[in-house]
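Here the structure comes first, spelled out in structure tokens, and everything after it is commentary.
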Amino acid sequence: MANIRVSSHPLVAHKISILRNKNIKPKQVRELMREIGQLLAYEATADLPTKSTSPLESPLTTYTGTELATTIGLVPILRSGLIFVDVLQDLIPTARVLHLGIFRERLSLQPVEYYNKLPSEPNVEQVIVLEPMIATGGTAVAATSILKDWGIKSRIKFITICASRQGIENLIKNHPDVEVFVGEIDEVLDDHG
């Protein structure tokens, strides 16, 4: 699966190991999720296109700067994806935040869209979907379909801390062009997806 980028960063592995401990406190969970999100965001944004700026002045000389050459949309899947928004906005202050609310129905495990605040026309060229966990992949597939129907035809990336092998395979089967930046992949799901 060429579009799946499992982080090999030792800090990601270390922080996920702490995050998975059943005895940590909620404050630690939030802190760790933000920290892991920042590390994964660094990896997910490494290939963003750039362009040169007009000449700028430093205290010593004139120089040509660099700026992003594309408009970025951050799409947190409500509510869990909101944990990554501040971290990404710190890295990309010009990014627009676009909200999608999708939950997984408990019995069928099927995604249900309950909130969509996308503008009538796309106002970004590339999106980064923020979803801390991909279990069955149904929500990720639904979010990608919504974004493509909205008009984003390429350059959709996911940042997720943990994903199941089944969920990743489901997403890539339905949307092989999507890139996923993940901290860790679990081989199995429990009975609750």
Side-chain angles (χ1 to χ4, degrees), residues 1-7 33-34 36-51 66-105 109-164 166-183 185:
M1 294 186 280
N3 288 349
I4 307 305
R5 312 278 193 296
V6 180
S7 179
M33 288 182 69
R34 286 186 194 104
I36 297 165
Q38 186 173 37
L39 292 165
L40 293 173
Y42 178 80
E43 294 180 16
T45 58
D47 66 347
L48 290 178
T50 60
K51 62 183 178 182
T66 302
E67 64 185 15
L68 293 179
T70 188
T71 53
I72 307 294
L74 305 177
V75 183
I77 303 300
L78 299 180
R79 291 178 324 254
S80 61
L82 291 172
I83 195 79
F84 294 146
V85 171
D86 287 344
V87 168
L88 270 290
Q89 283 192 306
D90 286 345
L91 294 174
I92 312 169
T94 58
R96 294 181 174 118
V97 180
L98 309 163
H99 294 95
L100 281 180
I102 303 171
F103 72 89
R104 190 176 57 184
E105 199 277 325
L109 302 180
Q110 295 303 305
V112 177
E113 180 184 342
Y114 68 92
Y115 187 81
N116 182 334
K117 275 298 191 183
L118 299 175
S120 58
E121 297 291 323
N123 59 356
V124 296
E125 296 163 310
Q126 179 174 344
V127 297
I128 302 172
V129 180
L130 310 174
E131 173 72 304
M133 183 175 175
I134 296 176
T136 64
T139 299
V141 169
T144 304
S145 295
I146 291 166
L147 291 167
K148 287 182 175 182
D149 290 346
W150 180 52
I152 302 295
K153 299 300 181 195
S154 64
R155 305 293 294 172
I156 296 174
K157 295 182 179 186
F158 273 77
I159 292 177
T160 186
I161 292 174
C162 185
S164 73
Q166 174 187 335
I168 292 287
E169 289 173 354
N170 185 20
L171 176 57
I172 296 305
K173 178 184 81 175
N174 286 279
H175 299 287
D177 54 330
V178 168
E179 290 181 87
V180 180
F181 293 82
V182 60
I185 296 178

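Position 1 is the first residue of the sequence, and the numbers go up from there. The shown structure was predicted, so the numbers you read here are calculated from the model rather than taken from an experiment.
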Task: Q126 versus P49, closest heavy-atom pair with distance - done: OE1-CD, 4.4 Å
Task: Least distance between heavy atoms, P132 atom then I83 atom - done: CG-CG2, 4.1 Å
Open item on the list: Looking at E105, I'd like to know if its CD atom is crowded, meaning that more than 12 non-hydrogen atoms belonging to other residues, nucleotides or ligands lie closer than 6.0 Å.
Closed with: yes
Task: Test side chain to side chain contact (heavy atoms under 4.5 Å, CB included) applied to L147 and L98, step by step - done: CA-CA 10 Å; L147 291 167; L98 309 163; 5.7 Å; no
Task: Criterion side chain to side chain contact (heavy atoms under 4.5 Å, CB included) on I156 and H175, from CA distance to verdict - done: CA-CA 10 Å; I156 296 174; H175 299 287; over 6 Å; no
TODO: Answer yes or no: is there a side-chain heavy-atom contact under 4.5 Å between I72 and T45?
DONE: no
Task: Any donor-acceptor N/O pair, R5 side chain to E43 backbone, under 3.5 Å - done: no
Open item on the list: For a quick test of reading the model, state the closest non-hydrogen atom pair linking A140 to T144 and the distance between them.
Closed with: O-OG1, 2.8 Å
- [ ] Starting at CZ of R96, measure out to CG of L118 and round the result to the nearest 0.5 Å.
- [x] 13.0 Å
Task: Test item: L100 and V129 side chains (from C-beta on) under 4.5 Å apart, heavy atoms - done: no
Task: Rounded distance [0.5 Å steps], CD1 in I92 versus OG1 in T71 - done: 11.0 Å
Open item on the list: Quick check for you: to the nearest 0.5 Å, what is the distance between K157 atom NZ and L40 atom CG?
Closed with: 12.5 Å
- [ ] Just say parallel, tilted or perpendicular for the rings of H99 and Y115, cut-offs at 30° and 60°.
- [x] perpendicular
TODO: Find out whether V124 and W150 are in side-chain contact, i.e. whether some heavy atom of one side chain is under 4.5 Å from a heavy atom of the other.
DONE: yes
Task: pair L88-I159: side-chain heavy atoms closer than 4.5 Å - done: yes
Open item on the list: Rounded to the nearest 0.5 Å, what separates atom CD1 in I168 from atom OG1 in T136?
Closed with: 11.5 Å
Open item on the list: Is there a side-chain contact between T50 and L48 in this structure, where contact means two heavy atoms from C-beta onward sitting under 4.5 Å apart?
Closed with: no
- [ ] Rounded to the nearest 0.5 Å, what's the gap from CZ on F84 to CD1 on I36? Could you check?
- [x] 7.5 Å
Open item on the list: Any carboxylate oxygen within less than 4.0 angstrom of a Lys/Arg side-chain nitrogen, looking at E125 and R155?
Closed with: no
Open item on the list: If you compare all heavy atoms of G137 against all heavy atoms of N170, which two are closest, and at what distance to 0.1 Å?
Closed with: C-ND2, 3.7 Å
Open item on the list: Would you say E131 and T139 are linked by a side-chain donor-acceptor pair, where the criterion is simply a distance under 3.5 Å?
Closed with: no
Task: F158 and its side chain to side chain contact (heavy atoms under 4.5 Å, CB included) partner, picked from L171, V127, I128, V75 - done: L171
- [ ] Over all heavy atoms of both residues, which pair between I185 and S164 is shortest? Give the atoms and the distance, please.
- [x] CG2-C, 4.0 Å
Task: pair I134-V182: side-chain heavy atoms closer than 4.5 Å - done: no
Task: Spatial distance of atom CD1 (I172) from atom CD (E179) [nearest 0.5 Å] - done: 9.0 Å
Open item on the list: I'd like to know if D90 and R34 make a salt bridge, using a cut-off of under 4.0 Å between side-chain N and carboxylate O.
Closed with: no
Task: Heavy-atom check, side chain of P176 versus side chain of N3, under 4.5 Å - done: no
TODO: Would you indicate whether the side-chain heavy atoms of L78 and Y114 approach each other to under 4.5 Å?
DONE: yes
